[in-house]
Every structure is written in C-alpha cells, then in structure tokens.
Amino acid sequence: MPRPSKLRDSLQVVVAWIVVAMLAGRVFFAARTEAERLGDLGWSGLRSAFECDSQSRRRLSLGSNYEIVATLSQRVTLGSVVVFYAESHRGADYRPRVDRLATNLLAMHHPLFVFQSFDPDEFHARFLEFPRRDIYVVDVTPRHLPPGADSMREIARGEDFVLLLHEAPERAR
Amino acid sequence: MTVLAQTFALFSPMVLGWGLLRSLGLRWRDDTLAFPAWAYLVGTLTTGLLLFAFLWTGIDPVWFTPLPGGVGCILLFIAGRLRRGYGDDRSSDSQSGDRTVSWLVWPVLTAASALTCIHVVEANTRAIVKDDEAQIWAAKANAIYDAGGFGTAFRARLGRGVGIRHRDYPLLNPLLQVWTRAHAAGPLDFETRLPIQAFSIALLFLAAGALRARAGPLLTCLLLAALATTSAHRGGSATADADTMVAFGLLAALDALDRFLDRTDSRFAVLGAAALAFLAWSKNEGSMLALMTVTVLTVAARTQRRATDPIGWRSLTMIALAPLAIVVLQSAFNQHYGFRNDLLVPAARPPIWERLMTQYDDYAAGVLREFGTRLFAPRDQFNLILGAFVVSCVASPHRLLAGRKVLLGAPIALGLVAYALVYLSTPYDLEWHMDTSLARVLYHLTPASCVCVGAFVQSAFDRHRDAAALASST
C-alpha cells in the first residue's frame, strides 16, 4: 500500500478550505441578492403572481413579424380565429403589415379564419359562425390600446381563448 | 385546467415511479432525501415511453391518463403485500438516525425548494409563447397532441411548415407536455411547463441526497444553498426548456452508478441505467453525456482492483443497453420523419470535423476566455461551483479523474471538453452561439460538479483528520 503523501494531503486541505471559503462567500452574496429581490416582490407581488389570470398571461409585448407569426403558430390550430387589426397612427399606415402577417399565417395553417381589420359589428356577426371558440386578437398598431379595443375585449371576454398581443412602440418604427 | 387535474398530472408519474422503485427493491429509507427524485425520474421516463407507444398506435392520449397512477398504485399494493425487495438489513441510509443531519439539511432543503417554487410562480405569469420553450419544445408537443399522435395528421402538420425548430431534439420533454395537455379540455397557457419545472425541485432533493451520501451536513447545506441560489438554476426553473432535465439526469446517473461501484448493489445499477436512458432522451447533449458516463464506468469497472464482487460485463452491458435503446428509438423516429441535427448536418457547410480543424486557430482563444470567465468570474450565474470543480480536479486529479471517485469527476471534465469542442466547430457565429447557449449547457454540469466538489472537500478533511488522529496515537 503506497504511503500517503503528507505534503499532498496538507495541500489538499488548504485547497479544500479555499473552495469552502469562496463558495460560502458566493452563497452569502447570492442569498442577499435573492433576499433583496424577494423583498422587492413582497407578499402582494407574490400573491398577484400566484393569482395572475389567463388574460394577463396572454397579453404580451412582441416585436417583429417573425416573432408574431412564430408565437401564433405555437397556439393556433385548425379552425382557430385570428383577428389582426392595425390603424393608421402618427402618419404611418400599418395595414400592409397586417396583410403580410395574415398571408404568412394562412400559409402555415389552412383553413384559418383571419380578419385583417377591426370591425366590431362584422366580428360579432361572424363570431356565431365560428366552429371553435379559440380566438386570437392581435394588435399590431404601435400603441397599446387603439380606439375600440375595449369593446373588442368586451365581445371576446368570457370565451376560452383570447390573446391580446401588443407591440412595443419603439420596435415598430 | 383544474387544480385537481394539474395535481393528478404532476403526481401520477411519481406514484408510478414509486411503485417501480419498490418493485426494484429500493425503499424510501435507502435515501430519504433522494428517493422522491428517483421516483419522479423513473415515473416520468416510464410515462414518456408508455405515452409514446400509445401515440404511435394512434390511441387518444386521453385514454392513457389513468394508466400511470393506476399501475403505480397496483405496484405499491403488491409490494406492500408481498414485502418484496431487499429486507431491512440492506437499508443503506447510513445517516438516517443522525438527528444533526435532519435538523440541518431539511430546513435548508425546504428553504431552497420554497425559493424555487417562488421562481416557478413568478415565471408562470407568462404564457408559453416565446423563445425555445415555445418554438422547440411546446411547438412539438402541440403538434403531436393536435395531430392525435404520430400518424398521417402529424406528418401533414409538419408538411405545412408549422414553426417547430430543432425537430430532431429528443421526445421526452414534449411527451411530458402532451401528458399534461391530455388532462385539460383545451389549449393551455403555462400548465405544460409544470412537469418540466418540477425537475428543478426534484433536482434539489437529488442533490441533497447525493451530497449527504458523500459529505457532512454542514458541507451539504453550503453546497445545496450554492446550487439553489445560482441564477442558472433560477433560469432553469422558469421555462419548459430541457436543460434542467439534462442536469437532473446527469446527476442521477452519476450518483446511482457511483453508489453501484462503491457497493456493487444491483439496485443502483438498474437505477443508474434508467437515469442514463432519461438523460439520453432529454436532449442531444444528454446523449453525449450518457455516452461519456458509460465509457468512464466501463473503464473504471474493468481497471479498478476490487477485492470482492468484481463488476462483470453483464452488468455493464445491461447499464449501457438502456441509453442505447433510447438513442436507437429516437434516431429511428428522426429518420422516419427526416429530421436532421443542425450542428451535425448543416446546410451547405463542411462537416463537423473539418470545421473543427479549420476554425480551431481562430476560435480557441475566444472559447477558452469565455469558459474561464463563466467558470471563475465571481457572479451568481454558477456561484463559482464549476470553478471549484476545476480547482478540485487540479488539486486531486488522482482521486477525481482516475481514482475511486472517477465516475463523479471524469464525465464532467469530459463534458466541459466536449462542449468546448462543439463551440470550436460551430457552423454559426461563435459569439452569438456562446451568448445564446453557453450558460445553459454549463448548467447541465453544475449540480453534478456540486456533488463532486463535496466529495473532494470531505475526503480532504477526512484524511487530514485521520492523519492527525494517527499522529496523536503514535
């Protein structure tokens, strides 16, 4: 049996203590960071996170056309209803963008109901014809709630699938 | 999805795993900390395999939902009646009577689990709609579920160009999401994340058990706290990505097989084989790590001199066959649908070895610098755990990379080298590739490194104490 090296063992003990010390230091700082983060969150924040409703979860901020189409493609199935709407804002017309989005999405999912403009009366009338009730409402206008969005939400509220996607203004330009 | 359905979807695989472990002869008292994690591992793997068989034969997954929990209950009932397995004399929880351990480790484990639960709750205020969790894992799960299996509808859905990225990635993660969807009436927002997020908590239990088996209670608490407070662990618990599954599977495999090497206890060989299969089915990186683990195990088993119970080829073959079967199954599936890996078969680019040779000179310095920064920079991404692992290997290479603890150290060290080689041969822009993936792949190795560091530090302290005792007695 080989004799244990005293020097090697002593060195390993020194290294072991160094390892313990650096890990303990890191744990201290990491625990402090976590405590501060939890303090900022608070009980009310945690409670609201726990009670977060479906509408809030589905309200997202998206950027490029690719991201919008990629996101929707994870969710929509045959027969889903997608409502794109955009309005002229600050002199820019976003309707061509809606056309492109609708074309891309229809290319991937056919048949799919896609509305390309916001018209509550038409939407309400056609709503009864839809075979399914999974409805996605996508706002691609670069502001948060265009006129009429509340009434759209009012129509769709209570159904089992409503997605409100909002684009961050700075990324639209 | 109701809370009852969520609970059922989450705990049914665990009941199945518990029943299977009892049939195998493993009991709660074998390791009170790690046992729930073992049960979840074995249960989710078996649920995934059974669900795959159901979907392949075209049976609606809804019919499958009562099966895992039901089979688990039957197995537990039979095990209870027959008192099968290894009797009380083989109980291996050597420290079960140590109250100090319980008083120290359980509160830290509870606090770490609570912290992870908070991360999970915070993360689940977002629906699964963005990034890899949506475009790779949930997209595949949705395609499978909406098509009702792997029949013509699935192929037609793929043919329509539905946005699924990395289609060749292994199926266990999507299958567990399909399992959750089968319990709900309609599409889900975040609930399919839950079975994947549960691995983050199971990982803490597994790490606590693995550490306690090799280190003292104080050291166990320190390393467990270090692991639980890494931002990599927080990130892993926030999404439905498969990276936590890889970290969990690797630690489970190394822990079980190291116990098998130590005790020649065949129960841990079976558990290790299941963990390797899980690892190989979680992500492509998992297959690579499983291959390295089997290689190191074979070399260690055949070269280490053992006084009693030498480990034979039969055991080694049995252990290797489990991940091999999974790799063959996944490869056949990919071949059937024409899925290709983007790193191995990139479009219009030279093959991987050719890229490695041509890019080595340009990329080596950048890769080394980035690895060094991530491993040793004092920030909370890995809490210096991987840096401590490298230091431990340098200080004790004969023990961690060639000696009794080779099975803990060598696969991790090989994993680090393999990941570096992947970046050196990347077909993408190096900076972008490392920015988007290096933290996640290094997290694969972090929990196992944590246990390896614990084993090194404890053995150094033990030998020092033994030497001091010997000196004082003579």
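Residues from residues 23-30 of chain A that place a non-hydrogen atom less than 4.5 Å from a non-hydrogen atom of chain B comprise A/Leu23, A/Ala24, A/Arg26, A/Val27, A/Ala30, given in numerical order. Contact residues of residues 38-47 of chain A toward chain B are A/Leu38, A/Leu41, A/Leu46 (heavy-atom distance under 4.5 Å).
Contacts between A/Glu34 and chain B at a heavy-atom distance below 4.5 Å involve the side chain alone, from C-beta outward. At a 4.5 Å heavy-atom cutoff, B/Val394 makes no contact with chain A through either its backbone or its side chain. Contacts of B/Arg379 with chain A are made by backbone atoms alone, with heavy-atom separations under 4.5 Å and no side-chain atom involved. In this structure, the portions of B/Ile385 lying under 4.5 Å from any heavy atom of chain A include both its backbone and its side chain. Contact of B/Ala467 with chain A is not made at all, since no heavy-atom distance falls under 4.5 Å.
Between chain A and the residues B/Thr230, B/Val453, B/Ile118, B/Leu223, the largest count of heavy-atom pairs under 4.5 Å involves B/Ile118. Interface check for chain A: of the options B/Gly387, B/Ala225, B/Ser396, the most heavy-atom pairs under 4.5 Å are formed by B/Ser396. Counting heavy-atom pairs closer than 4.5 Å to chain A, the top residue among B/Ser231, B/Ala388, B/Ala226 is B/Ala388. Chain B forms more heavy-atom pairs under 4.5 Å with one residue of A/Leu11, A/Val20, A/Val14, A/Ile18 than with any other, namely A/Val20.
Although no hydrogens or angles enter the test, the distance criterion places no donor-acceptor pair under 3.5 Å between the side chain of B/Glu122 and the main chain of A/Ala49.
For NE2 of B/His464, the number of neighbouring non-hydrogen atoms (other residues, nucleotides, ligands) closer than 6.0 Å is 12 at most.
Here the side chains of B/His119 and A/Arg37 are in contact, with some heavy-atom distance below 4.5 Å.
The minimum heavy-atom distance linking A/Ala16 with B/Phe461 is given by the pair CB-CE2, 3.8 Å.
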